[in-house]
Amino acid sequence: MISKSKLDKAISLSKEEKLKKTDDVSEKTTVREMRRYIEKLTSSKYGYTYDEISEMLKGLGINLSVGRIKYLVGKLKKSRQHNENIESTEENSILKNAATRNEPGVEVNNEK
């Protein structure tokens with residue numbers, strides 16, 4: 001058994017602890033931060049391939065395979081699109097609710 005005083009002391013110490021700082025960043029965070037640049041470089045304007053980007057990163061000590069980069073960029077795109085769709089749906093819902101209550105300044109367009 002653990003005494004109540006030891007438990008209280010442990011809880012007190014854990015409350016005082018700060019977040020651990022770490023210099024390491026996950027692959028997902030790395031690609032999230034670089035997504036726009038990766039998309040820019042792979043655009044027809046710049047013409048880099050994912051192989052070349054993977055090699056550039058490897059030269060900097062960031063070992064991400066082509067498949068991993070494509071997967072994470074795609075996942076981030078889907079997540080962003082999903083969030084935009086949710087926001088758009090919420091805005092439409094708010095506008096519809098305001099229109100059904102005939103609030104001033106909200107026009108109702110019933111044309112089809």
Side-chain angles (χ1 to χ4, degrees):
M1 298 278 304
I2 299 171
S3 71
K4 178 77 170 130
S5 64
K6 285 184 181 180
L7 176 61
D8 290 341
K9 187 174 182 179
I11 290 171
S12 176
L13 284 173
S14 65
K15 285 180 181 178
E16 294 171 9
E17 288 299 314
K18 304 290 183 217
L19 287 175
K20 257 184 159 178
K21 288 189 178 183
T22 178
D23 291 335
D24 295 333
V25 178
S26 71
E27 291 177 347
K28 185 176 181 180
T29 302
T30 300
V31 173
R32 182 186 306 125
E33 296 290 324
M34 296 185 64
R35 181 184 55 80
R36 285 188 297 230
Y37 303 105
I38 292 169
E39 289 174 344
K40 181 179 177 180
L41 289 172
T42 56
S43 70
S44 58
K45 181 177 178 180
Y46 289 86
Y48 283 87
T49 65
Y50 282 98
D51 282 324
E52 291 170 321
I53 291 172
S54 179
E55 288 301 315
M56 277 188 235
L57 294 174
K58 202 173 283 182
L60 298 170
I62 302 171
N63 296 313
L64 290 170
S65 69
V66 171
R68 187 72 177 147
I69 294 170
K70 285 182 178 180
Y71 170 78
L72 290 170
V73 167
K75 191 172 180 179
L76 290 167
K77 273 185 185 179
K78 285 180 185 177
S79 174
R80 192 171 121 237
Q81 288 170 348
H82 177 74
N83 290 340
E84 287 174 358
N85 288 341
I86 288 173
E87 288 173 7
S88 176
T89 302
E90 287 174 352
E91 285 176 10
N92 288 338
S93 176
I94 290 168
L95 289 174
K96 284 179 185 177
N97 288 339
T100 57
R101 290 181 294 205
N102 293 326
E103 290 186 10
V106 178
E107 294 182 26
V108 179
N109 187 357
N110 291 328
E111 295 176 20
K112 288 189 178 186

(request) Please check if the side chain of Glu33 supplies one atom and the backbone of Thr30 the other of a donor-acceptor pair under 3.5 Å. (result) no

(message) Hydrophobic clustering (ILVMFWY, side-chain heavy atoms < 4.5 Å, transitive) - are Ile62 and Val25 grouped together?
(response) no

(request) Any chance you could measure Tyr71, atom OH, to Lys28, atom NZ, to the nearest 0.5 Å? (result) 8.0 Å

(request) Nearest 0.5 Å please: distance from the CZ atom of Arg32 over to the NZ atom of Lys75. (result) 10.0 Å

(request) Would you give the length of the straight line joining atom CG of Asp24 to atom OG1 of Thr29, rounded to the nearest 0.5 angstrom? (result) 11.0 Å

(request) Look only at the side chain of Ser54 and the backbone of Asp51, and say whether a donor-acceptor pair between them is shorter than 3.5 Å. (result) no

(message) Within the structure provided, determine whether Leu76 and Val31 are in side-chain contact (heavy-atom separation under 4.5 Å).
(response) yes

(request) Indicate, with yes or no, if Leu60 and Val73 share a hydrophobic cluster defined by side-chain heavy-atom contacts under 4.5 Å among Ile, Leu, Val, Met, Phe, Trp and Tyr. (result) no

(message) So which atom in Leu57 and which in Met34 form the shortest heavy-atom distance, rounded to 0.1 Å?
(response) CD2-CE, 3.5 Å

(request) First locate atom OG1 of Thr49, then atom CD of Glu55, and finally report the distance between them rounded to the nearest 0.5 Å. (result) 9.0 Å

(request) To the nearest 0.5 Å, tell me how far Met56 CE sits from Leu41 CG. (result) 5.5 Å

(message) Hydrophobic cluster membership, with links at side-chain heavy-atom distances under 4.5 Å among I/L/V/M/F/W/Y: are Tyr37 and Tyr46 in one?
(response) no

(message) For Tyr50, is the OH atom crowded, meaning more than 12 foreign heavy atoms sit under 6.0 Å from it?
(response) yes

(message) How long is the straight-line distance from NZ of Lys70 back to CD1 of Ile53, given to the nearest 0.5 Å?
(response) 10.5 Å

(message) Between the side chains of Glu39 and Arg36, is the shortest nitrogen-to-carboxylate-oxygen separation below 4.0 Å, so that they form an ion pair?
(response) no

